[in-house]
Amino acid sequence: MIKLNNISKIFDISGQKLTALNNVSLHVPKGQICGVIGASGAGKSTLIRCVNLLERPTSGTVVVDGKDLTLLTDRQLISERRNIGMIFQHFNLLSSRTVFDNVALPLELAGADKQKILQKVSALLALVGLTDKQDVYPANLSGGQKQRVAIARALASDPKVLLCDEATSALDPATTQSILKLLKEINRSLGITILLITHEMDVVKRICDQVAVIDKGNLIEQGSVSDIFSNPKTKLAQDFIRSTFHVALPEEYLNKLSDTPTHEKSWPIIKFEFTGRSVDAPLLSQASRKYDIALNILMSQIDYAGGTKFGFTVAEVEGDEDAITQAKIYLMENNVRVEVLGYVE
Ligand SMILES: Nc1ncnc2c1ncn2[C@@H]1O[C@H](COP(=O)(O)OP(=O)(O)OP(=O)(O)O)[C@@H](O)[C@H]1O
């Protein structure tokens, strides 16, 4: 549905060339949700803006629903853009218009009659759960409600594609979850293809089918969410996945932690990280039994993304030094990442 072929975008800033996108190719099949993740300045906004030619690529082609947008006249482009809805981090609602009138705007611009507008806007407000807010002005809405209005407005022209530019970055975690749920519902019920950009792997984990990692204008890794989560190849992808887990040891342990064992009963605190490649078996119990070591679990977070189980467990490991080494080797052989965080008495 979306095909970016060898897109490059070079900005000219007072004679200085800045390559924001370097030969990027991305294909999002119909009905899929694809997330592009990257750090600040990586080129995410430029990439998503190239899809509806808000930003015209310096080279490469943009094909949406079989049409190469780079070949269209301005007039044809305006018409084709009706197929591509877009929502933004800061909602971009018109403050002088009510909720109803904001959603009605694209229909008015397309010359729809009053009856059609009433019917369509009412249905969209019901879809996003804002029927009771139709006469309210944006200033009197919460961030989540504003984004719902923006989603309804983006859907008014029955787009085939929805572009989401950091759509949840200005929202608190609970509201983020509710907006992501709404986007997933829209994707499923209306079959809309979604391309979103984000700097949070949590967003990708929640709703995406595919993910692409962008770094300094280059797409350095892409694939299905389950593939990338189970076998991230680049350090950046690994770091993004790790960032979805928060290793926060209890204060008491942090204060007692030293880099080296201080005496013979100084036990290691070990982080065991499970990826999709880890053998799906009770590995920690097996290691504990096999090598006669005791695991005092301090924290554990296991999650699923794209059907893959991953996460980590942090434990104080008590036992003979050789036994602990053997257990570590056993776990590593089963694709568990093992990291000694320090030692406690
Ligand atoms: N209109 C522009 N003119 C000149 N340079 C630009 C323009 N838009 C973006 N850039 C530059 O292109 C690079 C990529 O910017 P972009 O906004 O796409 O990154 P991003 O990943 O979306 O970052 P953020 O998450 O901070 O929004 C940056 O170095 C930025 O300064």
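Remember, it's 1-based here, ligands and their atoms both numbered in the order they're listed.
- Taking every heavy atom of both residues into account, Phe229 and Ile241 meet most closely at CA-CD1, 3.6 Å.
- Between Ser300 and Thr313, the shortest heavy-atom contact is OG-OG1, 2.9 Å.
- What sits closest to atom 25 (O) of ligand 1 on the protein, heavy atoms only, is Lys44 NZ, 2.9 Å.
- Under the 4.0 Å distance rule, the nearest protein heavy atom to atom 30 (C) of ligand 1 falls outside the cut-off.
- Nearest heavy-atom pair, Val136 versus Leu141, reported as atom, atom and distance to 0.1 Å: CG1-CD2, 3.8 Å.
- Below 4.0 Å from some heavy atom of Ala39 lie the following atoms of ligand 1, by number and element: 21 (O).
- Here is the list of ligand 1 atoms found below 4.0 Å of a heavy atom in Leu18: 11 (C), 12 (O), 13 (C), 29 (O).
- For the pair Glu55 and ligand 1, the shortest N or O to N or O distance does not fall below 3.5 Å.
- Under the side-chain contact (heavy atoms from CB on, under 4.5 Å) test applied with Leu155, the options Ile87, Ile192, Val103 reduce to a single match, Ile192.
- In terms of protein heavy-atom proximity, atom 16 (P) of ligand 1 is closest to Thr46 OG1, 3.6 Å.
- Annotation: cation-pi pair Lys146/Phe91 absent, no NZ/CZ under 6.0 Å from the ring centroid and within 45° of its normal.
- The nearest non-hydrogen atom to atom 12 (O) of ligand 1, considering only Ser40, Ala42, Gly41, Ala20, comes from Ala20.
- Proximity of a side-chain donor or acceptor of Lys44 to a complementary backbone N or O of Ala39 within less than 3.5 Å is detected.
- Contact between Gly217 and ligand 1 is absent, with no heavy atom of the residue lying under 4.0 Å from the ligand.
- Using modelled atom types, one side-chain atom of Gln238 and one backbone atom of Pro232 make a donor-acceptor pair closer than 3.5 Å.
- Distance from atom 9 (C) of ligand 1 to its nearest protein heavy atom, with residue and atom name: Phe11 CE1, 3.5 Å.
- For atom 21 (O) of ligand 1, the nearest protein heavy atom lies closer than 4.0 Å.
- Among all protein heavy atoms, the one lying closest to atom 19 (O) of ligand 1 is Gly43 N, 3.2 Å.
- A donor-acceptor pair is defined here as one N or O able to donate and one able to accept, closer than 3.5 Å; no such pair exists between the side chain of Glu339 and the backbone of Phe272.
- Considering only non-hydrogen protein atoms, atom 17 (O) of ligand 1 sits nearest to Ser45 CB, 3.7 Å.
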